Amino acid sequence: MDKKELVNQYKNRAQTGGVFAIKNTLRDKWYVDATVDLKAAQNRFAFFGSTHLKLAEDYKAQGGAGFAFTVLEELQKGETQTDRAFKDDLSLLKTIWLEKLTGQDLY
């Protein structure tokens, strides 16, 4: 398989985005965000812990203990859907989840 074919396969892969939460279980505080690539967000959390500025102070103070990554909802990008439309859908989904979490302590 040549490089051009690999790039083409990457560009044409099924894309799974969604809304995720990083929960500080020690303080019962949530960080909620949307991403076009859930797997990448999970990998960043698994390997680097919290790189989110809003969480950094607590993460550093707790030594990384007590943080959990949770996928709240997945969304598949449609075959004919533009990147912009996919991001807009994810933004709306994030808003819906923030409304569902009303009353929770959020970052």
Side-chain angles (χ1 to χ4, degrees):
M1 198 177 294
D2 66 359
K3 184 177 178 179
K4 189 174 185 178
E5 191 174 330
L6 287 172
V7 169
N8 194 32
Q9 281 182 356
Y10 176 79
K11 288 182 178 180
N12 292 323
R13 77 193 186 291
Q15 197 169 355
T16 303
V19 177
F20 68 93
I22 298 174
K23 185 177 181 187
N24 180 339
T25 59
L26 300 178
R27 295 188 62 208
D28 197 28
K29 200 167 181 180
W30 298 64
Y31 172 79
V32 177
D33 204 358
T35 181
V36 295
D37 190 343
L38 273 176
K39 191 67 172 165
Q42 283 178 306
N43 288 339
R44 277 192 304 277
F45 178 76
F47 292 109
F48 303 114
S50 175
T51 57
H52 300 283
L53 293 176
K54 293 180 179 182
L55 301 172
E57 187 177 314
D58 285 346
Y59 193 86
K60 187 175 180 180
Q62 294 172 209
F67 285 84
F69 184 96
T70 305
V71 175
L72 298 174
E73 191 164 343
E74 292 184 5
L75 184 65
Q76 294 287 329
K77 181 179 178 190
E79 288 183 28
T80 59
Q81 190 175 27
T82 66
D83 289 343
R84 180 78 244 151
F86 188 47
K87 287 178 184 178
D88 289 345
D89 288 349
L90 289 168
S91 179
L92 178 60
L93 196 57
K94 177 184 173 181
T95 301
I96 291 168
W97 271 99
L98 288 172
E99 288 176 7
K100 287 181 182 182
L101 294 171
T102 299
Q104 295 291 332
D105 194 9
L106 301 174
Y107 282 100

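Please read these numbers as outputs of a predicted model, since none were measured by experiment. Positions are given from 1 along the sequence.
- Inter-residue side-chain proximity for Gln104 and Asp28 is flagged as met; some heavy-atom pair is nearer than 4.5 Å.
- Figure legend: Lys23 and Phe67 shown without cation-pi pairing, the cationic atom not lying both under 6.0 angstrom from the six-membered ring centre and within 45 degrees of its axis.
- A cation-pi geometry, defined here as NZ or CZ lying under 6.0 Å from the six-membered ring centre and within 45° of its normal, holds between Lys100 and Trp97.
- Heavy-atom minimum distance, Leu26 versus Ala65: CD1-O, 3.7 Å.
- What you find for Lys94 and Val32 is that their closest heavy atoms are CE-O, 3.5 Å.
- A chain of hydrophobic side-chain contacts below 4.5 Å, direct or via other Ile, Leu, Val, Met, Phe, Trp or Tyr residues, connects Leu101 to Leu75.
- For the atom pair NZ of Lys77 and OG1 of Thr16, the computed distance is 11.5 Å after rounding to the nearest 0.5 Å.
- Following chains of ILVMFWY side-chain contacts shorter than 4.5 Å, one can reach Tyr31 starting from Tyr59, so the two form part of one hydrophobic cluster.
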* Kindly determine whether Ile96 and Glu73 satisfy side-chain contact (heavy atoms from CB on, under 4.5 Å), including the steps that lead there. => CA-CA 11 Å; Ile96 291 168; Glu73 191 164 343; over 6 Å; no
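- Criterion: ILVMFWY side-chain heavy atoms under 4.5 Å apart, direct or through other members. Under it, Leu90 and Trp30 are part of a common hydrophobic cluster.
- Checked against the 6.0 Å centroid criterion, the rings of Phe45 and Phe69 qualify as a close aromatic pair.
- The minimum heavy-atom distance between Asp58 and Tyr107, with the atom names listed, is OD2-OH, 2.6 Å.
- Residues Arg84 and Asp88 are paired through a salt bridge, judged by an N-O separation under 4.0 Å between the basic side chain and the carboxylate.
- Leu72 and Val36 fall within the same hydrophobic cluster, defined by Ile, Leu, Val, Met, Phe, Trp and Tyr side-chain heavy atoms under 4.5 Å apart, directly or through other members.
- Ala41 and Thr35 make their closest contact through CB-CG2, 4.0 Å (heavy atoms, listed as atom of the first residue, atom of the second, distance).
- The shortest non-hydrogen separation linking Leu106 to Leu98 is CD1-CD2, 3.8 Å.
- Atom NZ of Lys29 sits about 13.5 Å away from atom CD1 of Ile22, to the nearest 0.5 Å.
- Within 6.0 Å of CD on Gln76 lie more than 12 heavy atoms contributed by other residues, nucleotides or ligands.
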* To do: With side-chain contact (heavy atoms from CB on, under 4.5 Å) as the test, would you mind laying out the steps for Asp89 and Gln81 before giving the verdict?
  => CA-CA 10 Å; Asp89 288 349; Gln81 190 175 27; 2.6 Å; yes
* **side-chain contact (heavy atoms from CB on, under 4.5 Å) assessment of Arg27 paired with Gln62** => CA-CA 10 Å; Arg27 295 188 62 208; Gln62 294 172 209; 3.7 Å; yes
